[in-house]
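First the proteins, then the strands, lettered A, B, ... as listed; each starts at 1.
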Amino acid sequence: MTADDRQPVRIRYAPSPTGPQHIGGIRSALFGWLFARRHGGQFILRIEDTDQKRSVPGSIEMIQDAFDWLGMDIDEGPRQGGPYGPYIQSQRLELYQTWAHWLVEKGQAYKCFATAEELAQMREAGSGYDRRYRDLDPATAKRLESQGQDYVIRFKMPLTGKTSGYDMIRGEVTFDNEQLQDTVLLKSDGFPTYHLAHIVDDHHMKISHITRAVEWLPSFPLHLKIWEALGWEKPHFAHLPVLLNPNGKGKLSKRKERFAAADGTSVPVLVHEFIDAGYLPAAVLNFLTNIGWNFGDDREVFSLSEAIERFDLTDVNPANSAYPIAKLHWLNGQYIQSADVDHLAGLLKPVLQSAGYEVDDARLRRVVPILQVRLKTLNDVIAMAGFFFDEWDCFAAPPTEILFQKKMDGRATKQVLEASIPLIESLADFGHERQYAAFKDLAKKIGYKNGQVFGTLRAAVTGQRVSPPTFETMEILGKAESIRRIKLACDSLE
RNA sequence: GGCCCCUUCGUCUAGCGGCCUAGGAUGCCACCCUUUCAAGGUGGAGACACGGGUUCGAGUCCCGUAGGGGCUACCA
């Protein structure tokens with residue numbers, strides 16, 4: 001099915017403002033967003049804050065910031081405004097109340113005066129709400145109301161028959177009406193429940209396709225009946241599969257923050273955690289798009305705009321997926337590898353700075369190319385190349401366990417280092433290729449393997465066993481600094 | 001418990017009755033390249049949950065079983 005029968009395509013992401021933006025919500029939003037963009041439609045952000053108890057101040061900003069970081073532009077919402085606002089449900093209360101009472105007048109819903117105690121008793125009895133106020137005579141209802149008795153408005157669900165609806169991802173889905181309860185539409189505090197609010201809003205905001213997580217599938221028939229009772233034309237529906245924990249057990253959305261997987265890897269779940277971990281937005285988007293949907297042509301790496309050209313909700317895999325976090329690590333490396341040097345330098349700079357380094361732009365620009373192929377996340381730059389940005393004056397000779405290479409002791413190490421100094425001094429051209437050739441000759445001359453000589457130099461000059469290529473590194477450090485460090489190492493061996 | 005959804009390599013997936021001796025990716029292993037680590041190259045192990053049908057023919061359609069996920073609130 002295409003959206004051609006419903007123009008324009010209007011999709012909304014409708015989170016509750018309960019805290020930082022979770023990656024699971026982004027995945028659902030992304031599929032809707034891709035669909036909207038594919039069809040030249042609009043993407044709307046609507047805040048569903050009808051549960052006051054759960055609302056967390058600042059959530060809206062966090063949600064918007066997350067979309068900004070990812071580059072998923074929003075056409076209408078609390079920040080951007082739009083012709084169908086306000087886009088925050090708590091500012092639309094009268095609308096829901098009006099329609100709830102309209103349904104009561106039409107006999108499609110009713111006031112229920114059950115107290116919390118009554119409800120608790122019924123719950124203990126095990127069968128849920130028993131519809132005891134469904135057929136209350138109007139006189140009694142009026143009396144209770146005039147006595148100031150609190151009530152909710154419940155939907156009159158058909159007691160028999162079946163309801164089926166079409167889901168774009170799974171096709172026809174059928175339910176027995178008797179399974180459904182007389183769900184609350186309007187709470188006693190005057191706030192609507194999700195069931196009423198989203199329908200009223202989706203209708204008034206002219207939403208063409210309702211895209212939402214699969215946990216809404218059980219209430220799909222209820223919603224269909226409410227749409228019918230309201231007499232409104234129904235949108236299309238797509239119930240999106242959800243992300244499961246990496247081991248495939250349990251919903252990922254239950255994790256409220258970063259956690260350690262069974263193999264010890266750290267698993268981010270909040271958008272700001274992806275930022276903190278040094279992932280690139282393009283990689284995260286590519287990663288998410290590859291779960292439950294695939295680009296085709298056996299391609300795993302593709303841009304957002306390429307995905308937009310091909311995406312269709314009907315192609316989404318209906319099965320939930322374990323969260324393949326290891327793939328993000330790889331994908332992020334791919335994106336870093338192919339990133340533009342200046343762009344990457346711009347991303348690396350704040351990472352270095354927040355780790356306490358003073359960053360010289362020119363030096364960073366020289367370091368990035370030799371780093372690019374070995375970074376998986378932006379944060380890897382600290383361990384791999386932080387030494388470039390340390391105070392050089394503070395550089396100290398590394399301990400012997402780093403300095404000594406295979407089958408080498410202090411004497412051998414010293415021999416190599418001492419031989420290196422005059423060699424470096426003699427090089428008019430200090431480019432890494434020239435160094436490579438010169439040190440290869442040196443190794444041969446003094447009877448050591450290339451790896452031993454090169455490794456010794458690496459350790460002496462970087463203080464690390466793992467680093468960017470030795471000669472490229474020395475080239476950037478410069479002749480004088482390289483020699484100074486080698487001498488330092490040499491002296492430490494006396 | 002009841003209802004609904006789902007089920008291809010460890011994981012993400014391709015597959016919409018014959019193109020499948022099941023393809024790609026990741027992860028893992030080996031080898032090559034090699035100044036470490038990567039990257040890159042080559043190769044390897046690795047799956048149609050099970051049982052019945054339907055059909056000339058089933059990973060692909062149907063039923064059942066098992067397993068997984070979800071819903072069952074005056075939460076969304």
Stretch residues 448-470 of chain A: residues that reach within less than 4.0 Å of RNA chain B through a heavy atom: Phe454(A), Arg458(A), Arg465(A), Val466(A), Ser467(A), Pro468(A), Pro469(A), Thr470(A)

Between the protein and nucleotides 28-34 of chain B, which nitrogen or oxygen pairs are less than 3.5 angstrom apart?
none

Lys187(A) side chain near rC75(B) phosphate (N/O to OP1/OP2, under 4.0 Å): yes

Strand partner of rC33(B), provided both Watson-Crick or wobble distances fall under 3.5 Å: none

Paired nucleotide for rC28(B) [Watson-Crick or G-U wobble; both distances under 3.5 Å]: rG44(B)

Pairs meeting criterion ring pair (Phe, Tyr, Trp, His ring centres under 6.0 Å) with involvement of residues 457-479 of chain A, two or more places apart: Phe439(A)-Phe471(A), Phe454(A)-Phe471(A)

Near-ring test His209(A)/Phe237(A), centroid separation under 6.0 angstrom: no

Touch class at under 4.0 angstrom, heavy-atom based, for Thr50(A) against every strand present: sugar-phosphate

Whole-Å gap separating C1' (rU35(B)) and CD1 (Ile370(A)): 13 Å

Rounded P spacing from rU60(B) to rG53(B) in Å: 15 Å

P spacing across the pair rG27(B) / rU11(B), given as an integer number of angstrom: 16 Å

rG23(B) to rA45(B) separation - P atoms, rounded to the nearest Å: 11 Å

Touch class at under 4.0 angstrom, heavy-atom based, for Gly292(A) against every strand present: sugar-phosphate

rG24(B) versus rA47(B) - spacing of their C1' atoms, nearest Å: 14 Å

